[in-house]
Amino acid sequence: MREFGVELRRLLIQAYALQFRDNDAGIDFDPILNSQDPGDRYSVRRIRVKNGRYFADVYGYWSGAVEKQTSKADVVAELAREGERWEFVNFHYPDSRFPG
C-alpha cells in the first residue's frame with residue numbers, strides 16, 4: 001500500500017478493520033473507483049495543480065448491458081509527491097453529498 005499516503009492508508013485500514021470487527025457492510029463501494037460496478041476501463045482526461053498537489057479527473061467506461069458515460073469525472077484522484085515517488089492522498093467524488 002505504499003502508493004497511498006500515510007493518512008489515507010491509516011483511514012482505509014481503520015475502515016476495513018471496523019467492517020471486519022463489526023461484521024458490517026462498512027465501505028459498500030470501491031473508494032478508489034467510486035463504484036459498486038467497476039467500469040471496463042478508466043482514463044484520465046484532465047490534471048490540475050493546486051498547492052503542489054495534482055488532481056486527476058478519472059472517467060470510467062462501461063460497455064455491454066450498462067451504457068454509462070458521464071459528463072463529470074467519476075472520481076478525482078489527489079496525488080502528492082513524497083520523496084522520489086507519488087502517492088494518492090485522497091479521492092474526491094464530484095457527484096456525492098460527501099465529495100471527499
Side-chain angles (χ1 to χ4, degrees):
M1 288 181 70
R2 293 193 56 197
E3 50 278 325
F4 298 110
V6 172
E7 181 66 9
L8 180 58
R9 186 171 46 240
R10 184 187 68 74
L11 290 170
L12 287 169
I13 290 169
Q14 179 183 28
Y16 286 115
L18 287 172
Q19 178 179 342
F20 181 76
R21 184 193 77 194
D22 297 341
N23 197 21
D24 186 12
I27 298 176
D28 66 345
F29 71 106
D30 184 321
I32 298 166
L33 299 175
N34 188 25
S35 175
Q36 288 182 326
D37 300 311
D40 297 316
R41 64 184 177 91
Y42 290 84
S43 69
V44 173
R45 289 194 198 163
R46 183 174 74 150
I47 298 172
R48 297 172 310 288
V49 181
K50 182 177 178 182
N51 299 326
R53 294 204 171 175
Y54 285 68
F55 296 81
D57 293 352
V58 180
Y59 292 78
Y61 298 91
W62 288 259
S63 61
V66 179
E67 290 292 336
K68 177 188 170 205
Q69 304 304 317
T70 60
S71 59
K72 285 186 179 179
D74 291 290
V75 64
V76 178
E78 181 180 347
L79 297 104
R81 187 129 177 122
E82 181 61 38
E84 294 295 318
R85 65 182 204 281
W86 288 94
E87 295 178 335
F88 291 102
V89 294
N90 205 349
F91 294 94
H92 304 273
Y93 314 119
D95 286 332
S96 174
R97 293 184 337 198
F98 310 102

Tell me the closest heavy-atom pair linking [X] and [Y], and the distance in Å.
{"X": "A77", "Y": "L79", "result": "O-CD1, 3.8 Å"}
{"X": "L8", "Y": "F88", "result": "CD2-O, 3.5 Å"}
{"X": "P94", "Y": "A73", "result": "CG-O, 3.3 Å"}
{"X": "A80", "Y": "W86", "result": "C-CE3, 3.4 Å"}
{"X": "V6", "Y": "E87", "result": "N-OE1, 4.5 Å"}
{"X": "N34", "Y": "D74", "result": "ND2-O, 2.8 Å"}

For Y54, does the OH atom sit with more than 12 other heavy atoms under 6.0 Å from it, leaving out its own atoms? no

I want to check a possible cation-pi pair here: R45 against Y59, using under 6.0 Å from ring centre and within 45° of the ring axis as the test.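 Judged by the rule, R45 and Y59 form a cation-pi pair.
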
Indicate yes or no for a side-chain donor-acceptor contact from N90 to the backbone of E78 under 3.5 Å, with no hydrogens or angles considered.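 Looks like no, no N/O pair under 3.5 Å.
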
Within the side chain of W62, is there an N or O that forms a donor-acceptor pair under 3.5 Å with the backbone of P38?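 Answer holds: yes.
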
Run the salt-bridge test on R48 and D57 with the 4.0 Å N-O cut-off and return the result as yes or no. yes

Flag the pair R9 and E7 as a salt bridge only when some basic side-chain nitrogen lies within less than 4.0 angstrom of an acidic carboxylate oxygen.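 Salt bridge: no.
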
Flag yes if V76 and V58 sit in one hydrophobic cluster, no otherwise; membership is Ile, Leu, Val, Met, Phe, Trp, Tyr, and two members link when side-chain heavy atoms are under 4.5 Å apart. no

Mind checking whether V44 and I32 sit in one hydrophobic cluster, side chains of I, L, V, M, F, W, Y counted as touching below 4.5 Å?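 In one cluster: yes.
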
For the residue pair V49 and R53, establish whether any side-chain heavy-atom pair is separated by less than 4.5 Å. no

CA sep, side-chain torsions, deciding dist, call: Y93, V75, side-chain contact (heavy atoms from CB on, under 4.5 Å): CA-CA 5 Å; Y93 314 119; V75 64; 3.9 Å; yes

Relative to each other, are the rings of H92 and F55 parallel, tilted or perpendicular (30° and 60° limits)? tilted

Which other residues end up in the same hydrophobic cluster as L11, if Ile, Leu, Val, Met, Phe, Trp and Tyr are linked when side-chain heavy atoms come under 4.5 Å apart? none

